[in-house]
Structure formats: structure tokens, C-alpha cells
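One structure is given here, and the rest of the page talks about it.
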Amino acid sequence: MLLALLFLVPAASAQTVRLTIPLDADRPARAALGPRAIAEMGAVALTGVGHLAASQAGVSNLYVPVVVVGWGGYLGARALREPGVLSELGLTGTNLGRATRDVALVSAGTVLAMGAYGAANGSLRVEPSLVPLLVLYPAWGLTQQLLVQGFVTRHLDAAGLPAVAVVPLSAATFGSVHAPNWPLTAATTVMGGAFAGLYLRDQNVWPLGVAHGALGTLFYVWVLDRDPWAEFIGQAD
């Protein structure tokens with residue numbers, strides 16, 4: 001199992017990688033990009049490839065629970081061995097109020113824009129299927145934000161890259177796993193950039209995961225004019 005192999009990678013090693021760019025040469029890296037960090041970023045990349053393959057095969061409804069359980073098990077096991085690791089990833093109450101405020105402001109503007117688009121295109125609707133999505137999707141959104149922010153954004157930032165490099169790299173990582181649906185890819189790339197910036201500022205992933213679930217649900221219905229719940233349970237036309 002890929003995630004099980006991560007436990008075989010030592011948390012610290014003499015072999016480390018530091019990422020710097022000439023324009024930021026005077027900024028010291030806060031930490032080295034060690035073997036475990038590299039392995040985790042690789043595992044995130046493979047998870048994204050799996051997501052693309054599952055989407056193409058029409059089995060995302062089976063793949064999503066596997067990812068949630070698999071990564072949840074990895075984080076749970078690490079938390080038992082390394083107290084404080086979940087807080088480092090952003091599963092913490094620290095800055096929760098400020099993070100919630102920041103995410104709410106960004107999300108409010110996004111919802112208004114999507115609502116206006118849906119109204120203009122006849123796809124602005126509120127259906128009963130939105131309820132289970134708004135309840136369940138945040139769990140998947142939180143998983144994705146933990147992977148992207150906790151294991152990509154955080155590691156790149158710790159390796160010494162400046163925010164002007166970390167944010168677009170994180171955004172591209174998040175957006176790329178939604179190809180080849182280009183409208184969705186574009187939207188998630190923009191959202192990924194905004195969320196990476198908020199994560200670097202507030203270091204809290206809770207509101208990002210909730211907002212991800214809510215915004216993703218509304219984007220599918222109001223912008224893409226699709227029924228994600230029917231697609232998830234395999235009843236789409």
C-alpha cells in the first residue's frame with residue numbers, strides 16, 4: 001500500500017532538499033524538504049492521478065471513499081505516533097476565527113458570482129439533492145484540502161519557496177486533477193490559489209474544507225448545470 005510505505009520513510013535524514021530561487025536568495029528556509037515530505041508529495045500526486053483515472057472510468061463514487069479512508073488512516077496513525085502533527089497540518093483551533101472570516105469573505109463573492117451566472121443561464125436552482133451533497137461533500141473537500149495544503153503548500157513553504165511561487169504551484173496541483181473538464185479545471189485552479197494564500201496566512205484547514213464542499217456543490221449545479229448527487233450514486237442520464 002502506497003500510504004503504508006510512507007511510514008518506512010524516516011522523518012529526518014541527512015539527505016534533504018532545499019528549494020530556493022535567485023530572487024529570494026536571502027530568505028532562509030524554515031525547514032528542509034526531507035524524505036518523508038517528498039514521499040508525501042509523491043503520494044498526493046499519485047492520488048491525483050488515481051482520481052483522474054477513476055473519473056474517466058466512471059468509478060469516482062468508489063474511489064472517493066477509498067481515498068478518505070486511506071489518507072484518514074495514515075493521518076490517524078501518524079497522530080498516534082507524533083502528537084501535534086494534525087495541528088501542524090491545519091486541523092487546529094488556532095486562528096480558526098480569522099480563517100473562517102477570511103474564507104467566508106472569499107466564498108461569499110464566489111457564491112454571488114456563481115448565482116449570477118446560473119440565473120443568466122437558467123441553471124440557478126435549489127434541489128433536494130443539494131442537502132446530502134452539502135452534508136457529505138465537505139468531508140471530501142476537507143480531505144482534498146489536507147492533501148493539497150498540508151502536504152504540498154506546507155512542504156513547499158517550509159522548503160523556502162516564497163509565497164509568489166508556492167501559491168501558483170499549489171493552485172496548479174489542485175486544478176490539474178480536474179482535467180480534462182476545463183471549466184472545472186480553471187475554477188479549481190483559481191480557488192486553489194486563493195485557498196493556498198489563505199492557508200499560508202491562517203494555517204487552518206477547517207474552513208477551507210467546508211467551503212470547498214459548499215462551493216463545489218454549487219459550482220456543479222449552478223455553473224456546470226449538472227446533478228452531482230445523481231452522478232455520484234450512478235443515476236445520471
Among pairs that include at least one residue of [range], which meet salt bridge (Lys or Arg N to Asp or Glu O under 4.0 Å), considering only residues two or more places apart or in two chains?
range            : answer
residues 170-198 : none
residues 124-152 : Arg125-Glu127, Arg125-Asp225
residues 168-191 : none

Legend entry - Contact list for residues 102-111, test side-chain hydrogen bond (donor to acceptor under 3.5 Å, both in side chains), sequence neighbours left out: Asp102-Arg201
Legend entry - side-chain hydrogen bond (donor to acceptor under 3.5 Å, both in side chains) contacts touching residues 159-171 (sequence neighbours left out): Thr153-Ser170
Inset, instruction - Name all residues meeting the side chain to side chain contact (heavy atoms under 4.5 Å, CB included) criterion together with Thr92; count only those two or more places apart in sequence or in a different chain, and write none if there are none. - result: Ser87, Thr94, Asn204
Legend entry - side chain to side chain contact (heavy atoms under 4.5 Å, CB included) against Val152, all qualifying residues, sequence neighbours excluded: Val44, Leu156, Thr173
Inset, instruction - Considering only Ile, Leu, Val, Met, Phe, Trp and Tyr, and joining two whenever side-chain heavy atoms are under 4.5 Å apart, list the other residues clustered with Val59. - result: Leu62
Inset, instruction - Output the rest of the hydrophobic cluster of Leu80: all Ile, Leu, Val, Met, Phe, Trp and Tyr residues reachable through side-chain heavy-atom contacts under 4.5 Å, sorted by chain and number. - result: none
Legend entry - With sequence neighbours excluded, residues passing ring pair (Phe, Tyr, Trp, His ring centres under 6.0 Å) with Phe174: His178, His212
Inset, instruction - Using the test ring pair (Phe, Tyr, Trp, His ring centres under 6.0 Å), find all partners of Phe151 that sit at least two apart in sequence or belong to another chain. - result: Trp71
Legend entry - Qualifying residues under salt bridge (Lys or Arg N to Asp or Glu O under 4.0 Å), relative to Arg98, sequence neighbours excluded: Asp202
